[in-house]
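Working notes, structure below.
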Amino acid sequence: MADFLQTLVAAITAGSLLALIALGYTMVYGILKLINFAHSDVVTLGAWTSLTAAMFLLPRMGVDLAHPAWWAAPLVLVIAMIVCAVIGFGIERLAYKPIRRAPRLNALITAIGVSLLLQNAGQLQYTITDGVKPIAAGVTSERGNDPATIRLQTSVTIAAGERYVLKITPKGSPAPIDRVLTMPAGKYPAGADLRFDGTIGRAQSREASFQLDQIFTPLRLPFGKTPAVAPYLLPPVNIYPDYPRYVWRHEFQSSFTAPDGSQQPMKKMLNIAVVDVIIVIVTFVLLTALHFLIYHTRLGMAMRAVSFNTDYAALMGIPIDRVISITFVIGAVLAAAAGFLYSQKFSLQQTASYAWVLLGLRAFIAAVVGGIGNVRGAVLGGFLIAFVDAFGSFYGTYLFQNANSYSDVLMFGLLIAVLLIKPSGIFGSATREKV
């Protein structure tokens with residue numbers, strides 16, 4: 001039961017992300033009949049922009065990344081949305097608008113070219129800040145009350161939003177051991193214990209040199225070394241003090257038969273993390289807002305008119321260029337939200353990594369399966385692909401050991417089956433073209 005429920009949580013979380021990304025594909029296709037292959041790269045841009053804003057901007061606003069304020073996550077999300085919206089607007093105006101009346105093959109090649117441009121531009125690196133300032137140094141054999149602390153010889157003031165590293169150099173060692181301080185901001189007198197991540201052995205601390213450095217981490221833009229982990233900005237909960245990032249944990253107890261025939265107890269934990277709940281809530285809010293925008297506003301009516309027939313919409317006085325640009329911007333904003341949520345749950349690979357390509361491909365398949373051009377179909381396709389992937393991998397392990405490696409086979413098998421049965425997708429409508 002624990003495995004089933006944990007798989008269900010993972011499927012719902014992944015489906016929410018895929019639904020957000022698939023909406024960008026389906027909205028652009030519904031308006032222009034264009035597959036915007038650069039959309040997945042906008043998701044990548046949103047994730048890396050979130051990391052960059054969190055690492056560079058928040059510390060300079062006095063935010064302690066170890067204990068971020070409640071407004072840190074919304075601020076980073078808004079910044080990522082603004083950056084991606086500008087990029088999405090620029091892509092439409094500079095790349096797609098000049099070839100709007102060109103053959104579809106030209107638009108397809110342009111989309112692939114824009115995707116490659118964003119992937120490779122994201123791998124450029126240049127340093128914008130760097131520096132190390134020691135704030136306390138000395139030689140000591142003293143340690144704190146436990147292996148994860150060290151006792152100060154002099155008083156130290158720790159500033160908020162800055163990173164401190166304890167360099168431990170054992171006697172006779174050629175290189176120091178780095179441990180990151182996890183203490184909150186404040187002034188600590190001599191004799192106080194400072195806590196850091198990890199531990200150090202007794203042999204390492206005996207006659208060792210301890211140097212406390214204030215580190216301005218070198219930040220390279222666009223993005224720097226990979227894989228990278230974004231600071232966790234989502235609020236913790238107090239239900240489990242030892243596990244503040246979980247909203248619910250439950251231990252399932254069962255038994256299994258050992259080779260000797262005896263029954264052995266077995267315990268498994270079901271963990272529902274804060275980030276999973278936030279992903280589902282944010283996705284629901286954004287999907288509800290998008291549904292209201294499309295079906296209950298004048299802009300949504302204009303978007304549906306343009307998707308039906310561009311020429312007829314122009315004759316009715318609808319500003320075609322403005323509506324198309326807004327569609328790209330909305331898709332980019334959803335991509336930024338997906339990128340931010342992705343950065344809070346997973347580590348970030350370099351922008352041309354297969355992980356991003358596979359994420360975009362799954363979202364595109366979700367849009368096709370649900371019926372590309374249909375908003376509800378994109379949402380259904382995202383959850384359907386996520387459930388097939390998660391439960392196919394889970395139950396496949398009962399058949400053969402490496403079932404996880406073949407989860408994409410099920411995904412593409414589902415795509416082929418849907419296209420054979422209903423080529424327009426589950427919610428798609430068949431169209432006729434005169435030749």
Which value, rounded to the nearest 0.5 Å, describes the distance between Ser393 atom OG and Met411 atom CE? 10.0 Å
Using a strict 4.0 Å threshold on nitrogen-to-oxygen distance, state whether Asp321 and Arg93 make a salt bridge. no
As an exercise, state the distance from NZ of Lys345 to CG of Leu17, rounded to the nearest 0.5 Å. 8.5 Å
d(Ile330 CD1, Ile294 CD1) to nearest 0.5 Å is 7.0 Å
For the CD1 atom of Ile21 and the CG atom of Leu359, what is their distance to the nearest 0.5 Å? 4.0 Å
Side chain to side chain, Val9 and Leu5, heavy atoms closer than 4.5 Å: no
Is there a donor-acceptor pair under 3.5 Å between the side chain of Trp48 and the backbone N or O of Ser343? no
Looking only at atom types and distance, does a side-chain atom of Thr327 sit under 3.5 Å from a main-chain N or O of Val28, one as donor and one as acceptor? no
Does the Asn120 side chain pair with the main chain of Leu116, one donor and one acceptor, at a distance under 3.5 Å? yes
Begin from the C-alpha positions of Trp356 and Leu348 and carry the test side chain to side chain contact (heavy atoms under 4.5 Å, CB included) through to its verdict. CA-CA 9 Å; Trp356 297 112; Leu348 305 184; 3.9 Å; yes
Spell out, as yes or no, whether a donor-acceptor pair under 3.5 Å connects the side chain of Thr288 to the backbone of Phe284. yes
Checking Leu341 against Leu20 for the side chain to side chain contact (heavy atoms under 4.5 Å, CB included) test, could you report, in this order, the C-alpha distance in whole Å, the side-chain angles of both residues, the deciding distance, and whether it holds? CA-CA 10 Å; Leu341 295 173; Leu20 281 179; 4.2 Å; yes
Please find the pair of heavy atoms, one from Val42 and one from Ile91, that lie closest to each other, and give the distance. CG2-CD1, 4.3 Å
Close side-chain approach of Val275 to Tyr232, heavy-atom, < 4.5 Å: yes
Are Phe328 and Lys97 close enough that some pair of their side-chain heavy atoms sits under 4.5 Å apart? no
Tell me, do Pro235 and Trp70 make a side-chain contact under 4.5 Å, heavy atoms counted? no
Side-chain donor or acceptor of Gln344 paired with backbone N/O of Leu233 under 3.5 Å: yes
Gln6 (side chain) donor-acceptor with Asn271 (main chain) under 3.5 angstrom: yes
Can you check side chain to side chain contact (heavy atoms under 4.5 Å, CB included) on Phe364 and Ile372, steps first, answer last? CA-CA 9 Å; Phe364 173 68; Ile372 193 165; 4.1 Å; yes
Can you name the closest pair of heavy atoms from Phe391 and Phe4 and give their distance? CE2-CE1, 3.4 Å
Using 0.5 Å steps for rounding, measure from the CD1 atom of Ile324 to the CE atom of Met303. 10.5 Å
May I ask you to test the Ile79-Thr52 pair for a side-chain heavy-atom distance under 4.5 Å? no
Between His296 and His291, is there a side-chain heavy-atom distance shorter than 4.5 Å? yes
Side-chain contact, heavy-atom cut-off 4.5 Å: Phe340 with Val282? no
Results of ring-ring contact (aromatic ring centres under 6.0 Å, His included) for Tyr29 - residues two or more places apart only: none
Counting N and O atoms only, with roles assigned by atom type, does the side chain of Thr26 sit under 3.5 Å from a partner on the main chain of Ala22, one being a donor and the other an acceptor? no
Once you round to the nearest 0.5 Å, how far does CG of Leu286 lie from CG of Leu23? 9.5 Å
Candidate pair Ile12 and Phe387, rule side chain to side chain contact (heavy atoms under 4.5 Å, CB included), full reasoning: CA-CA 7 Å; Ile12 294 175; Phe387 271 76; 3.9 Å; yes
Does any N or O in the side chain of Ser115 come within less than 3.5 Å of the main-chain N or O of Ala38, such that one atom is a donor and the other an acceptor? no
With the side chain counted from C-beta on, respond yes when Arg100 and Thr310 share a heavy-atom pair under 4.5 Å apart, and no when they do not. no
Heavy-atom closest pair, residues Leu65 and Ala54: CD2-O, 3.6 Å
Contact summary for Gly425 and Val418, nearest pair of heavy atoms: CA-CG1, 4.1 Å
Which atom pair, heavy atoms only, marks the closest approach of Ala367 to Tyr25? CB-CB, 4.2 Å
Locate the shortest heavy-atom distance separating Leu45 from Thr49; write the atom from each residue and the value. O-OG1, 2.6 Å
